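Notes for the one structure printed next.
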Number of protein chains: 2
Amino acid sequence: MALGKDYVGQDCSLSRALELLGERWTLLVVQNALYGVRRFSDFQVRLDIPKAVLSDRLGRLTAGGVLEKRQYQPSPPRYEYLLTDAGVELWPVVYTLSVWSHRHIGGEPPRLFRHAECGSGLLPTSDCPECGPVPPGDVEMYPGPGPKRSDPVSQAMNRPRRLLEPVVPLSG
Amino acid sequence: MALGKDYVGQDCSLSRALELLGERWTLLVVQNALYGVRRFSDFQVRLDIPKAVLSDRLGRLTAGGVLEKRQYQPSPPRYEYLLTDAGVELWPVVYTLSVWSHRHIGGEPPRLFRHAECGSGLLPTSDCPECGPVPPGDVEMYPGPGPKRSDPVSQAMNRPRRLLEPVVPLSG
DNA sequence: TCCGATGGTTCAATGAACGAACCTAGGAGT
DNA sequence: ACTCCTAGGTTCGTTCATTGAACCATCGGA
């Protein structure tokens, strides 16, 4: 196709990554998946995104090997989208870009991150200054000074918790 | 505006970064700037991008503090776009995403990178395994196994050279 | 029988991207 | 004097993507 999704004639890895991840909303979907969001309706509440677009993005990420769609109960049929290993490895990309944004664009972050084992804040690379590389499951997120959304999914994300730990919104 | 550039209601640093960097072509413009591309026509040749879109992206990146527009000769008036310090600090983002793409999507990279001082290949974080963090000006790029574009700007980028070193296309 | 939750699809309107054509200012060639 | 060429854009009609509202399907519970 001549418009929108591909970068015809580009030779580099970056262009291939952007064909999958470079569309509007896509990287925010991945970020929320890292934060533990798994269900269609939870992504929708967190992102305020048209359902048609969310459906498209989840489908593309699934086809691209970043997410995996799984039925977690048979009746009524309910689905969740889990990060694959490839998806989890996007954590350094998401974190590095967030840190850049905080440094150069500004704004207060609503969430902060530290190495759960030793308590150190992370370097901009997402490594721990004491222990070196940290698997995302060993990163603890906790509330920062920035503004927070008030929807139930965001509220459930406001207590300190590990990356990838499933979000369970308080029903009601 | 309700469509396209903003992520209204998003609270995080990542969404602010994506308002500036998340549009089609934008990150590829930054990547080429890191590779030493500075002039409008050189970006255009490398990227095969409509001039109107390139003009928009260069303008936005300039307004956003990632690039700086400079007149490099008075007559005839000619301009170049240089990365600011903030722009240079996008190198880890670009590199980390490229490495992810190579690992998980595949394809041969047309360019490889090493620490110029010691010759070591870079870690996925863009750090040197021997020396730690490497300023982009100390990163040497050299041809890899992947396909290469045949335009004069790409050809001028194919000899080993430092990041940020201005590209001088062979005229003709 | 109706209601609500979940996980979507359809569709008209709007906004962005595309690419071809055009524009401007200054040399350079003849 | 006239024309061509280069650099750095702008304009504009067509095509594609995003939006938001409406609709749909399935199941369980009151």
Side-chain angles (χ1 to χ4, degrees), chain A residues 1-10 15 18-19 22-26 28-29 37-62 67 69-82 151-153 167-172, chain B residues 1-10 18-19 22-29 37-62 67 69-82 151-153 167-172:
Chain A
M1 42 204 95
L3 187 155
K5 322 222 148 312
D6 58 351
Y7 294 91
V8 194
Q10 287 304 299
S15 61
L18 291 175
E19 288 178 17
E23 290 177 288
R24 188 159 158 70
W25 297 111
T26 302
L28 292 173
V29 170
V37 177
R38 297 182 164 195
R39 289 157 62 163
F40 189 95
S41 54
D42 290 349
F43 282 108
Q44 220 228 313
V45 165
R46 274 278 301 165
L47 291 170
D48 271 331
I49 180 182
K51 288 171 148 197
V53 176
L54 179 57
S55 180
D56 177 86
R57 297 305 185 270
L58 290 172
R60 268 180 214 287
L61 286 171
T62 303
L67 296 177
K69 183 176 183 171
R70 221 187 52 173
Q71 187 164 348
Y72 67 86
Q73 69 178 36
S75 176
R78 291 291 181 261
Y79 306 96
E80 62 186 0
Y81 294 87
L82 298 179
D151 61 85
V153 181
V167 167
V168 182
L170 314 159
S171 55
Chain B
M1 41 206 94
L3 187 155
K5 322 223 147 312
D6 58 353
Y7 293 92
V8 194
Q10 286 305 299
L18 292 175
E19 288 179 17
E23 290 176 289
R24 188 159 158 70
W25 296 112
T26 302
L27 212 55
L28 291 173
V29 170
V37 176
R38 296 182 165 195
R39 289 156 62 162
F40 189 96
S41 54
D42 290 350
F43 282 109
Q44 219 228 315
V45 165
R46 274 279 299 166
L47 291 171
D48 272 329
I49 179 181
K51 288 171 148 197
V53 176
L54 178 58
S55 181
D56 177 86
R57 296 305 184 270
L58 291 172
R60 269 181 215 284
L61 286 171
T62 302
L67 296 177
K69 183 175 185 172
R70 220 186 51 172
Q71 187 164 348
Y72 68 86
Q73 69 178 37
S75 175
R78 292 290 182 262
Y79 306 94
E80 62 185 2
Y81 294 87
L82 298 179
D151 62 84
V153 182
V167 168
V168 182
L170 314 158
S171 54

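The structure presented is a predicted model; accordingly, all values stated were derived computationally and were not measured. Numbered from 1 within each chain, the chains take letters A, B, ... in sequence-line order.
- Of the inter-residue distances, the one linking B:Gln44 atom CD with B:Ile49 atom CD1 reads 8.0 Å to the nearest 0.5 angstrom.
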Quiz item: Could you walk me through whether A:Arg70 and A:Glu80 pass the salt bridge (Lys or Arg N to Asp or Glu O under 4.0 Å) check?
Solution: CA-CA 5 Å; A:Arg70 221 187 52 173; A:Glu80 62 186 0; 2.4 Å; yes
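- Heavy-atom distances to DNA chain D give each of A:Asp48 and B:Lys69 a nearest nucleotide, and the one nearer the 5′ end belongs to B:Lys69.
- For A:Asp6 and C:dC18, the CG to P distance is 9 Å, given to the nearest whole Å.
- Residues A:Phe43 and A:Val29 come closest through the heavy atom pair CE2-O, 3.4 Å.
- For A:Pro50, taking side-chain heavy atoms from C-beta onward, the closest of the listed nucleotides C:dG8, D:dG20, D:dT18 is D:dG20.
- Taking the centre and axis of the six-membered ring of B:Tyr7, the NZ or CZ atom of A:Arg24 falls inside the cone set by 45° and 6.0 Å.
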Quiz item: What do the steps show when you test B:Glu23 against B:Arg60 for side-chain contact (heavy atoms from CB on, under 4.5 Å), and what is the final call?
Solution: CA-CA 10 Å; B:Glu23 290 176 289; B:Arg60 269 181 215 284; 3.2 Å; yes
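- One interatomic measurement links the two molecules: CD of A:Glu23 to P of D:dC16, which rounds to 15 Å at whole-angstrom precision.
- Phosphate contact (OP1/OP2 of D:dT6, side-chain N/O of B:Arg39, threshold under 4.0 Å): absent.
- Checked against D:dC27, C:dG8, C:dG26, the side chain of A:Ser75 finds its nearest nucleotide in D:dC27.
- Residue-level contact check: A:Val53 touches the bases, meaning some heavy atom is under 4.0 Å from a base atom.
- The distance from atom CD of A:Gln73 to atom C1' of D:dC27 is 10 Å, rounded to the nearest whole Å.
- OP1 or OP2 of C:dT6 has not a single side-chain nitrogen or oxygen of A:Tyr72 nearer than 4.0 Å.
- Rounded to an integer number of Å, the gap from B:Glu80 CD to D:dA7 P is 14 Å.
- When the P atom of C:dT6 is taken as reference, atom CG of A:Leu58 falls 16 Å away, rounded to whole Å.
- A cation-pi geometry, defined here as NZ or CZ lying under 6.0 Å from the six-membered ring centre and within 45° of its normal, does not hold between B:Lys69 and B:Tyr81.
- In this structure, the CZ atom of B:Arg38 is 17 Å from the P atom of D:dA7, given to the nearest Å.
- A salt bridge does not link B:Arg38 with B:Asp42: none of the charged nitrogens is closer than 4.0 Å to a carboxylate oxygen.
- Going from atom CG of A:Leu47 over to atom C1' of D:dT18 covers 15 Å, rounded to whole Å.
- Computed from coordinates, the B:Gln71 CD to D:dA7 P distance equals 16 Å when rounded to whole Å.
- When the side-chain nitrogen and oxygen atoms of B:Tyr81 are compared with OP1 and OP2 of D:dG9, one or more of them lie within a distance under 4.0 Å.
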Where do N or O atoms of nucleotides 20-25 of chain C meet protein N or O atoms at under 3.5 Å, pair by pair?
none

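- The side chain of A:Arg24 approaches D:dT19 more closely than any other nucleotide in the set C:dG7, D:dG9, D:dT19.
- Look at A:Ser41 and you won't find any side-chain N or O under 4.0 angstrom from OP1 or OP2 of C:dA5.
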